[in-house]
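The structure appears below as structure tokens.
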Protein chains: 2
Amino acid sequence: MSQLEVLPLFPRHELLHQVEARGIRLTAQRRALIETIQEATTHLDAESLLKQACEREPGINRATVYRTIELLKKLGMIDELDLMHLDGEKHYYEVRTKQDHLHLACFECGKIIEFATPAFERLKQEIAAANQFEIQVIRLEAGGLCGACAAKQKKHLQ
Amino acid sequence: MSQLEVLPLFPRHELLHQVEARGIRLTAQRRALIETIQEATTHLDAESLLKQACEREPGINRATVYRTIELLKKLGMIDELDLMHLDGEKHYYEVRTKQDHLHLACFECGKIIEFATPAFERLKQEIAAANQFEIQVIRLEAGGLCGACAAKQKKHLQ
DNA sequence: GTATTTGCAAAAGCTTTGCTGCAAC
DNA sequence: GTTGCAGCAAAGCTTTTGCAAATAC
């Protein structure tokens, strides 16, 4: 387990473009990091992000990775995920999408499924209204068994 | 910030009783830990749990805390929360309730609000059905501003 | 020349583990 | 006499930080 699979991500904005549109000047390293997040085909943790960004721009340091992530979080342009701590205490990052979506993590095979539905949006509204709470970030994660692994398990139990 | 406030928890089952009902024999230390979780008036992290349990049964060790938490998690009797990393990377623990509920964390004052609604239950069903996913654990957390802090902020901006 | 950004290494924080000795049945 | 639990200290991981050197404008 714990090897996160390749999976399709939701369509993402032009992250790099948006950052620069705010008048923020970026170094080559930060640009490489942002492009890597933007074009990632999996959810990246800091270490994977570092490695992949280094292919574009060698010699990036861990500290720079974390400092860039901090910047993007402050700008509200990326979300931080735990993915149910499927693989330890790492954080994973993804470009924030227009519509919030949730993550399902299979405890068996490590697959991550993304899902969006109007019901989630409505729930958000209800939560905010009922508690007079101004939601800035919302995170819905579930852990369990994906269809394939649930089927396999039933087979074995027979 | 970061001082988690006292807050009412949802009604909890007889955790200790349930554990023993499974034929699991408990030491005095583990019993003290479980009772502490059961009767907590805030969300406890490992360190607070240790301190409070030591008032019942002195001399408990960190390792014992983590090993007991592990047991309860395996039994599916407690849930692990991040509370939006309001105060670092700690985990918080609470007795699992019949009805899933969500947590709202105020970034300003650190208040944690708990909330349950049928809409959340329905969303769970929809998620499971749409993705053929067998949900074992689900965690919905939001961060933002509670009513009081949002009001304060608006006042200051005027 | 001033303001940022980087690199490096060390520190920090929470959690886990190995191992020895102790206690329970 | 087995089996499991506790205690202790060390290690493990991810993330953060301080500071000096380098870079950009």
Side-chain angles (χ1 to χ4, degrees), chain A residues 1-4 16 19-20 22-34 36-37 43-54 56-75 78-93, chain B residues 1-4 16 19-20 22-34 36-37 43-54 56-75 78-93:
Chain A
M1 196 182 80
S2 296
Q3 189 62 12
L4 296 178
L16 181 61
V19 176
E20 291 183 326
R22 294 220 195 171
I24 295 168
R25 214 167 283 267
L26 297 170
T27 61
Q29 296 199 347
R30 295 200 169 182
R31 209 171 296 122
L33 285 163
I34 293 174
T36 302
I37 295 175
H43 292 98
L44 296 176
D45 65 295
E47 193 61 28
S48 320
L49 174 53
L50 173 60
K51 270 191 202 141
Q52 293 191 23
C54 275
R56 292 168 187 266
E57 191 68 30
I60 302 176
N61 189 275
R62 249 179 207 72
T64 304
V65 173
Y66 285 107
R67 292 194 266 237
T68 305
I69 287 171
E70 194 191 2
L71 169 68
L72 295 173
K73 279 201 292 186
K74 263 190 201 148
L75 291 171
I78 58 171
D79 278 320
E80 191 177 71
L81 312 171
D82 291 319
L83 299 183
M84 295 308 281
H85 304 298
L86 212 62
D87 191 22
E89 294 308 303
K90 301 172 190 174
H91 294 148
Y92 299 88
Y93 302 93
Chain B
M1 196 184 81
S2 297
Q3 189 63 11
L4 296 179
L16 182 60
V19 175
E20 292 183 327
R22 295 221 194 170
I24 296 168
R25 214 168 282 268
L26 296 170
T27 61
Q29 296 200 346
R30 294 200 169 186
R31 208 173 295 120
L33 285 162
I34 293 173
T36 303
I37 295 175
H43 290 97
L44 296 176
D45 64 293
E47 192 62 29
S48 320
L49 174 53
L50 172 59
K51 272 191 200 141
Q52 293 191 23
C54 276
R56 293 168 187 266
E57 190 68 32
I60 302 176
N61 188 274
R62 249 179 208 71
T64 304
V65 173
Y66 285 108
R67 291 195 265 237
T68 304
I69 287 171
E70 193 190 1
L71 169 69
L72 296 172
K73 279 202 291 184
K74 263 189 200 149
L75 291 172
I78 58 171
D79 277 320
E80 191 177 71
L81 312 172
D82 291 320
L83 298 183
M84 293 310 279
H85 304 297
L86 213 61
D87 193 22
E89 295 306 306
K90 301 172 190 172
H91 294 148
Y92 300 88
Y93 302 92

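Quick note on labels: first sequence line is chain A, next is B, and so on, each numbered from 1.
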Under-4.0 Å salt bridge between A:Glu20 and A:Arg31: yes
In this structure, how many angstroms lie between the C1' atom of C:dT15 and the CG atom of B:Asp45, rounded? 12 Å
Using only side-chain N and O atoms of A:Arg30, determine if any of them is under 4.0 Å from OP1 or OP2 of C:dT6. yes
Return no unless some side-chain N or O of A:His91 is found under 4.0 Å from OP1 or OP2 of D:dT14. no
If only side-chain N and O atoms of A:Gln29 are considered, is one of them under 4.0 Å from the OP1 or OP2 phosphate oxygen of C:dG7? yes
Candidates C:dG7, D:dC8, D:dT14 - which lies nearest the side chain of A:Thr64: C:dG7
Identify the residue among A:Leu50, A:Thr68, A:Thr36, A:Leu49 that makes a side-chain contact (heavy atoms from CB on, under 4.5 Å) with A:Ile60. A:Leu50
Could you check B:Lys73 against B:Arg25 and say which one's nearest nucleotide on DNA chain C is further toward the 5' end? B:Lys73
Within less than 4.0 Å of OP1 or OP2 of D:dT15, is there a side-chain N or O belonging to A:Tyr66? yes
Are OP1 or OP2 of C:dT6 and a side-chain N or O of A:Thr27 less than 4.0 angstrom apart? yes
To the nearest angstrom, how far is A:Leu50 atom CG from C:dC8 atom C1'? 14 Å
For A:Leu26 and D:dA24, what is the distance between atoms CG and C1' respectively, to the nearest whole Å? 13 Å
C:dC14 C1' sits how many Å from B:Leu86 CG, rounded? 17 Å
Considering only side-chain heavy atoms of B:Ala63, which listed nucleotide, D:dT17, D:dT15, D:dC8, is closest? D:dC8
Which of these nucleotides, D:dT17, D:dC8, C:dT15, is closest to any side-chain atom of B:Tyr93? C:dT15
Interatomic distance where CD1 belongs to A:Ile69 and P belongs to D:dT16 [whole Å]: 8 Å
Roughly, in whole Å, what's the span from CZ in A:Arg31 to P in C:dT6? 11 Å
How many whole angstroms separate atom CG of B:Leu49 from atom P of C:dT15? 11 Å
Whole angstroms only, please: what is the CZ-C1' distance between A:Arg67 and C:dT4? 11 Å
